[in-house]
Each structure stands twice: as structure tokens, then as C-alpha cells.
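So you know, we letter chains A, B, ... as the sequences are listed, proteins then strands, and number each from 1.
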Amino acid sequence: MKQSTPIKIGLKIPENPDDIQEYTKEVIHTLSRHVTLTEDNRRRIKLILIELVTNSIKHSEDPDAEIRLTINHPQLTIEKVDVGLQIKFRSDEQIPFEEINKTIKVDFTRFNSLNIKILNPYRFRFLDGYKENMDIEHLPEHFGFYIITRASDNFEYHHDPRSKENTFIVNVKL
Amino acid sequence: MKLSKQTINDVLVIVIENKEANLSKSEQFKEMMFKDIEDGSHNLVISFENVEYLDSSFLGALVAVLKKLLPLKGKLVLTHLNEDIRNLFELTRLDKIFSIESNIEISLQQF
């Protein structure tokens with residue numbers, strides 16, 4: 001019988017990219033013990049996990065970085081949490097933001113620009129800013145955040161300036 | 001990164017032998033492809049028949065290869081994508097950018 005109260009699970013992130021696939025299988029298996037996953041949800045969650053973990057391996061220096069799952073039916077929240085420097089953009093605007101509720105375009109790297117909506121000085125939501133007919137020359141070469149945005153129902157980032165905790169928060173409707 | 005290669009009718013057919021097309025292999029893959037292109041191979045087929053999953057880093061490497069071929073008027077066809085990988089291309093809308101075919105034989109007909 002599936003539980004009705006929120007279920008929280010914390011899982012340490014692997015350090016080796018070649019362990020990601022097994023890790024993803026383990027997480028989905030753990031989830032399946034608590035909630036029934038459709039094939040579509042399974043696929044979306046797998047994509048989200050692969051990209052969150054890949055991002056962590058690439059950019060986080062926190063050996064205790066963790067994936068946290070919260071099942072509060074009908075919503076699954078997947079969080080990637082680490083402690084360290086906040087996200088930095090190549091563009092002018094940085095965290096803490098001054099203007100709230102604004103939608104801006106930020107550059108993460110040379111071929112990686114995304115639109116975000118500022119929710120508070122330390123929190124923003126990733127937006128799907130797909131452009132039709134983009135020519136090959138101007139295609140991005142980094143797709144991690146874009147994949148998570150497209151695979152989820154909501155994808156946000158939050159930095160806590162006191163604890164230095166960085167959290168990527170991904171919501172998927174089950 | 002393990003690749004097997006053969007040339008068929010002036011097309012370089014590359015089969016990725018690894019199960020994972022991911023962060024640990026994407027940079028090396030890109031370098032290997034760039035070298036082949038610089039050595040004169042401008043028509044490429046890349047087969048993912050052994051690949052179980054592919055991540056954003058590898059997608060980025062494929063885009064970089066496509067961009068490298070652009071000024072050379074080269075062509076790249078991807079083939080044997082499993083359902084998950086195909087789904088990833090559709091999710092990112094890269095299925096509208098890359099030529100994707102079901103097998104090597106059909107891919108070779110694109111040249």
C-alpha cells in the first residue's frame with residue numbers, strides 16, 4: 001500500500017560519471033517502492049537524475065553533495081544539494097538579484113544561455129526559452145539545465161547565503 | 001573512448017563501442033572526431049548501437065562536431081539510437097537539427 005504522508009529519501013551522489021547509470025537505476029528502484037511510476041515518469045526522472053548528478057560531478061567540490069527525494073503525492077521533488085560557492089553567470093546580473101519577478105537571460109558559459117525568472121534575491125526558476133529555426137552555428141553546446149527544464153514541471157535554483165547551501169529543486173508531477 | 005571505424009563509399013562509419021556516452025568520454029570523443037574531420041573525413045555516420053545512455057556532455061560534443069563540419073559542407077548522420085536516446089533528442093528538439101536514421105545502410109543512402 002502506498003503511503004500518503006511525505007516520504008523523504010537522501011542519497012549521496014557518486015563521484016565517478018561511469019557510476020551514474022547504476023545510481024539512477026538504484027534511485028528509481030527506491031522510488032518505485034513508494035510510488036507507482038509510469039514509463040513516461042520513469043524516463044523523465046532518469047533524465048533529471050543523470051543531469052543533476054553530472055552537474056554535481058562537474059562543478060561541485062562538496063564530497064557530501066546529495067540527492068534528496070520528497071514524495072508528496074502527486075508531486076515528486078528531486079533536490080540536488082551541496083555546500084559551496086553560489087552559481088555564477090557570465091552576464092552582468094548576479095545573485096543576489098535586485099529586481100524580483102523579472103525574466104532575464106543569463107550566460108552560464110559561452111554556448112549556454114538560458115532565460116530565468118527571478119523569484120527572490122537568492123532564488124530563480126529556469127524557463128524554456130527555445131527558439132525556432134536556430135541556425136547550427138549558434139546552437140548551444142551545454143544542455144544539462146535545458147534537459148532538466150524540459151523534463152520537469154518546475155526547475156529552480158536557490159542559494160542560502162548563511163549556510164552556503166546550493167539547491168537545485170526539480171518538481172515532477174506523478 | 002572506444003570507437004571502431006570503417007570507410008564505405010567515402011563515408012566514415014563510426015561505431016561507438018562504449019555503453020555510456022557520457023561526461024567521462026565526451027571530450028575525448030570530440031577530439032577524436034575533430035581529428036578525423038581535419039584528416040579529411042567530412043561525411044560521417046555515427047552508430048549508437050552499443051550505447052545504452054547518453055548525457056548532455058555528449059550531446060554538446062555532437063553539436064560541436066556538427067558545427068565543425070558546417071564550413072566544410074560536411075554531413076553527419078546518427079543511427080541506431082535506442083528509445084531513451086531518441087527521446088532525449090526529441091525532448092531537446094535536436095531531432096530537428098541532426099539527421100537520424102534507423103540503421104547504417106539507410107544512413108549511407110543520405111550521402
Applying the 4.5 Å side-chain criterion to the ILVMFWY set and letting contacts propagate, would [X] and [Y] be lumped into a single cluster?
X	Y	result
A:V53	A:L69	yes
B:I46	B:L70	yes
A:I116	A:Y157	yes
A:V106	A:L127	no
B:I37	B:V45	no

Using a strict threshold of under 4.0 Å (side-chain N to carboxylate O), is an ion pair present between A:D128 and B:R93? yes
Audit row: A:D18, B:K25, side-chain contact (heavy atoms from CB on, under 4.5 Å) steps and yes/no: CA-CA 9 Å; A:D18 291 335; B:K25 299 171 184 69; 2.9 Å; yes
Please report the shortest heavy-atom distance between A:T54 and B:S57, naming the atom on each side. CG2-OG, 4.0 Å
Exercise: identify the closest heavy-atom pair between A:K46 and B:D84: NZ-OD2, 3.0 Å
Check whether any side-chain N or O of [X] sits under 3.5 Å from a backbone N or O of [Y] as a donor-acceptor pair, and report yes or no.
X	Y	value
B:K67	A:L139	yes
A:E51	B:S56	yes
A:R150	B:T92	no

Count the heavy atoms belonging to other residues, nucleotides or ligands that lie under 6.0 Å from [atom1] of [X], then report whether that count exceeds 12.
X	atom1	result
B:N103	CG	yes
A:E66	CD	yes
A:E61	CD	no
B:E49	CD	yes
A:K8	NZ	no
B:K5	NZ	yes

Portion of [X] that has a non-hydrogen atom of chain B nearer than 4.5 angstrom:
X	result
A:N16	neither
A:L47	side chain
A:I50	side chain

Residue B:K19 versus chain A: region with a heavy atom under 4.5 Å: neither
Can you tell which part of B:L91 gets under 4.5 Å to a heavy atom of chain A, answering side chain, backbone, both or neither? both
After noting the C-alpha distance and the side-chain angles of B:D55 and A:F143, does the key distance pass the side-chain contact (heavy atoms from CB on, under 4.5 Å) rule? CA-CA 9 Å; B:D55 72 5; A:F143 293 92; over 6 Å; no
Between [atom1] on residue [X] and [atom2] on residue [Y], distance to nearest 0.5 Å:
X	Y	atom1	atom2	value
B:L94	A:Y146	CG	OH	7.5 Å
A:I20	B:L23	CD1	CG	6.5 Å
A:I147	B:L88	CD1	CG	4.5 Å
A:D40	B:N87	CG	CG	8.0 Å
B:N22	A:Q21	CG	CD	9.0 Å

